[in-house]
Novice: 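My questions will all concern the structure given below.
These numbers come from the heavy atoms of this one structure, side chains and all, not from hydrogens, waters or symmetry mates.
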Amino acid sequence: TIRVLHSFSFVEDPTRVFKAIWFEHRFGFHIGKHTLSLIKNAVRMNFLSKIQGKRIWTELTLILEEEEPEKVLKRLQDLDLLKFIHSRLTFDKEKERLFVQMRTVSKWYDLLYRGRQSNKVEFYLLGLTDGLKDDDVLGFCETAGMTEPLRKHVLDDSRAVKETMLKFLFQLQTMKKSAIYKQLEPLSQEARLFIMAKTRSEEIKKIISNYITYADSLKPVLT
């Protein structure tokens with residue numbers, strides 16, 4: 001059982017709320033009744049709004065590096081804690097389904113490319129911000145205290161995913177292989193894997209999995 005040492009623990013350091021939930025998942029423990037009551041009180045009293053961006057990013061990174069981050073994020077949603085990361089951040093049933101699919105795709109990639117793993121944090125950030133407008137994605141990155149390069153990377157990936165999925169949705173049947181290559185080539189590996197996880201089209205899944213499987217191994221003879 002996870003318990004605070006004293007009743008002002010979350011007042012002194014609100015990030016302990018995130019740590020308590022992370023530990024609960026990591027070790028298969030449960031948060032004690034009194035401690036859970038203090039967490040809910042910290043939410044009501046808005047104590048977590050005092051957390052600085054970089055400290056939020058530290059806790060969020062630890063959560064996204066978990067084997068099953070969706071379970072921690074769901075707990076954060078249930079306790080109304082995601083709003084302290086960003087006001088428009090939610091984790092509903094559809095987002096939970098997406099994360100399960102992402103985990104499946106990530107395991108496939110890790111098995112296929114052992115030693116050349118994708119960046120799981122950046123990968124799951126695409127899932128977490130899925131459905132948000134560009135301004136909200138940027139706002140989330142700023143609130144989370146990300147570095148400028150990472151902020152740009154997340155925003156660029158988010159935009160590229162939307163554009164690619166729209167093109168595949170409306171143009172896939174008429175696209176030549178060269179056009180598909182030109183669409184997928186500029187994307188980060190995290191963005192490609194995310195599209196594989198998000199799409200419900202088996203044809204699109206197959207196209208991207210083939211690209212990932214063969215793009216590094218097949219080289220044109222001619223320049």
Side-chain angles (χ1 to χ4, degrees), residues 15 17-19 21-26 51 53-79 81-114 116-134 136-162 164-165 184 187-200 204-205 208-209 212:
T15 58
V17 171
F18 291 104
K19 275 190 167 58
I21 295 168
W22 175 48
F23 287 161
E24 180 184 47
H25 169 71
R26 164 59 70 93
I51 304 175
K54 288 184 179 179
R55 300 194 72 193
I56 290 177
W57 177 240
T58 299
E59 301 305 322
L60 186 59
T61 300
L62 291 170
I63 291 168
L64 296 179
E65 286 175 343
E66 282 295 304
E67 184 67 25
E68 297 175 315
E70 68 275 6
K71 292 184 177 179
V72 189
L73 292 167
K74 185 178 185 305
R75 184 71 155 141
L76 292 175
Q77 173 72 43
D78 292 343
L79 292 170
L81 287 161
L82 287 177
K83 67 183 181 183
F84 294 106
I85 301 176
H86 189 269
S87 59
R88 294 193 180 276
L89 213 56
T90 59
F91 199 80
D92 55 15
K93 287 285 185 184
E94 183 58 28
K95 192 66 72 77
E96 189 177 356
R97 184 204 69 82
L98 174 61
F99 265 66
V100 171
Q101 288 296 112
M102 290 175 75
R103 185 152 41 83
T104 301
V105 169
S106 181
K107 285 182 177 178
W108 166 79
Y109 181 76
D110 289 347
L111 188 65
L112 190 67
Y113 286 97
R114 193 165 295 174
R116 286 193 292 166
Q117 296 178 338
S118 61
N119 186 309
K120 281 190 171 59
V121 172
E122 292 179 15
F123 178 52
Y124 282 121
L125 279 174
L126 286 171
L128 193 58
T129 57
D130 184 52
L132 296 182
K133 295 178 180 178
D134 287 352
D136 290 327
V137 174
L138 182 59
F140 161 77
C141 293
E142 290 172 346
T143 304
M146 295 181 197
T147 61
E148 184 63 35
L150 179 58
R151 197 181 304 172
K152 184 178 184 303
H153 182 70
V154 171
L155 188 59
D156 287 349
D157 269 4
S158 178
R159 287 170 174 163
V161 164
K162 291 171 189 171
T164 301
M165 292 199 75
L184 292 177
L187 300 184
S188 69
Q189 199 71 303
E190 291 78 25
R192 296 182 196 121
L193 292 171
F194 177 70
I195 295 170
M196 269 186 75
K198 183 172 169 63
T199 184
R200 294 178 185 267
I204 293 174
K205 285 183 194 290
I208 298 175
S209 66
I212 291 172

Novice: Over 60° means perpendicular and under 30° means parallel, so tell me whether F91 and F99 are parallel, tilted or perpendicular.
Specialist: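 Ring orientation, 0 to 90° scale: perpendicular.
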Novice: Mind running side chain to side chain contact (heavy atoms under 4.5 Å, CB included) on D157 and L125 for me, showing each step along the way?
Specialist: CA-CA 10 Å; D157 269 4; L125 279 174; over 6 Å; no
Novice: Closest approach of H86 and T143, non-hydrogen atoms and distance?
Specialist: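 Shortest heavy-atom separation between H86 and T143 comes out as CD2-OG1, 4.2 Å.
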Novice: So for atom NZ, which belongs to K54, do other residues, nucleotides or ligands contribute more than 12 heavy atoms lying within a distance under 6.0 Å?
Specialist: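 No, NZ of K54 has 12 or fewer neighbouring heavy atoms, counting only those of other groups under 6.0 Å.
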Novice: Compare all side-chain heavy atoms of W57 with those of T147 and state whether any distance is below 4.5 angstrom.
Specialist: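 Counting from C-beta outward, W57 and T147 never come under 4.5 Å.
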Novice: So do the side chains of F140 and M146 get within less than 4.5 Å of each other, counting heavy atoms only?
Specialist: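 Yes, at least one pair of side-chain atoms sits under 4.5 Å.
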Novice: Nearest 0.5 angstrom please: I85 CD1 to I63 CD1, how far?
Specialist: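 Separation between the atoms: 6.0 Å.
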Novice: Looking at R103 and E70, is there a salt bridge between them, counting it only when a charged N and a carboxylate O are closer than 4.0 Å?
Specialist: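 The answer is yes: the pair qualifies as a salt bridge.
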Novice: If the condition is salt bridge (Lys or Arg N to Asp or Glu O under 4.0 Å), which residues does D78 pass it with, not counting sequence neighbours?
Specialist: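 D78: salt bridge (Lys or Arg N to Asp or Glu O under 4.0 Å) contacts with K74.
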Novice: Hey, is E65 close enough to K120 for a salt bridge, meaning N to O under 4.0 Å?
Specialist: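 No.
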Novice: What is the minimum heavy-atom distance between L82 and T90, and which atoms define it?
Specialist: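 Looks like CD1-C, 3.9 Å.
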Novice: Show your working on side chain to side chain contact (heavy atoms under 4.5 Å, CB included) between K71 and E24 and close with a plain yes or no.
Specialist: CA-CA 10 Å; K71 292 184 177 179; E24 180 184 47; over 6 Å; no
Novice: Closest heavy-atom contact between L98 and D130?
Specialist: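 For L98 versus D130, the nearest heavy atoms are CD2-OD2, 3.7 Å.
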Novice: Starting at CG of L184, measure out to CZ of R192 and round the result to the nearest 0.5 Å.
Specialist: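 Going from CG on L184 over to CZ on R192, the span is 6.5 Å.
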Novice: Using the rule given for side chain to side chain contact (heavy atoms under 4.5 Å, CB included), can you reason through I51 versus E59, listing the C-alpha separation, both sets of side-chain angles and the distance that settles it, and then say yes or no?
Specialist: CA-CA 11 Å; I51 304 175; E59 301 305 322; over 6 Å; no
Novice: Just verifying a value: how many Å separate I21 CD1 and L76 CG, rounded to the nearest 0.5 Å?
Specialist: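 Here the interatomic distance stands at 4.5 Å.
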Novice: Output, in order, the C-alpha distance, side-chain angles, deciding distance and verdict of side chain to side chain contact (heavy atoms under 4.5 Å, CB included) for L132 and L89.
Specialist: CA-CA 8 Å; L132 296 182; L89 213 56; 4.1 Å; yes
Novice: Do L187 and F194 come within less than 4.5 Å of each other through their side chains, counting heavy atoms only?
Specialist: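 No; the side chains remain at least 4.5 Å from each other.
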Novice: First locate atom NZ of K19, then atom CZ of R26, and finally report the distance between them rounded to the nearest 0.5 Å.
Specialist: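 Here the rounded value is 12.5 Å.
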Novice: Nearest heavy-atom pair of Q101 and A197: which atoms, and what distance?
Specialist: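 Residues Q101 and A197, closest heavy atoms: CB-O, 3.6 Å.
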Novice: Less than 4.5 Å apart, side chain to side chain, heavy atoms only: is that true for E68 and H25?
Specialist: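 Yes, close enough: below the 4.5 Å cut-off.
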Novice: Could you pull out all residues at least two apart from E122 that satisfy salt bridge (Lys or Arg N to Asp or Glu O under 4.0 Å)?
Specialist: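 Salt bridge (Lys or Arg N to Asp or Glu O under 4.0 Å) list for E122, sorted by chain: empty.
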Novice: Where is the tightest heavy-atom contact between Y109 and S118, given as atom of each residue plus distance?
Specialist: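 Nearest pair, atom of Y109 first, then S118: CE2-N, 3.5 Å.
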Novice: For residues Q77 and E96, determine if any side-chain heavy atom of one lies less than 4.5 Å from a side-chain heavy atom of the other.
Specialist: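 A side-chain contact under 4.5 Å is absent here.
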Novice: Residues in salt bridge (Lys or Arg N to Asp or Glu O under 4.0 Å) with E94, at least two apart?
Specialist: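 With sequence neighbours excluded, E94 shows a salt bridge (Lys or Arg N to Asp or Glu O under 4.0 Å) to R97, R200, given in chain and number order.
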Novice: Is the NZ atom of K205 crowded by more than 12 outside heavy atoms at less than 6.0 Å?
Specialist: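 Yes, because the 6.0 Å sphere around NZ of K205 holds more than 12 heavy atoms from other groups.
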Novice: Drop me the distance from T199's OG1 to M165's CE, to the nearest 0.5 angstrom.
Specialist: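 If I round to the nearest 0.5 Å, the distance is 4.5 Å.
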Novice: Could you state the interatomic distance from CG (L79) to CZ (F84), rounded to the nearest 0.5 Å?
Specialist: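 Rounded to the nearest 0.5 Å, the CG-CZ separation comes out at 11.0 Å.
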Novice: Return the minimal non-hydrogen interatomic distance between L128 and K95, and the atom names on each side.
Specialist: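 Nearest pair, atom of L128 first, then K95: O-NZ, 3.1 Å.
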Novice: Please check if atom CZ in R151 has more than 12 non-hydrogen atoms from other residues, nucleotides or ligands closer than 6.0 Å.
Specialist: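 Buried by this count: over 12 neighbours within 6.0 Å.
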Novice: Is any side-chain heavy atom of L64 closer than 4.5 Å to a side-chain heavy atom of L73?
Specialist: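 In contact.
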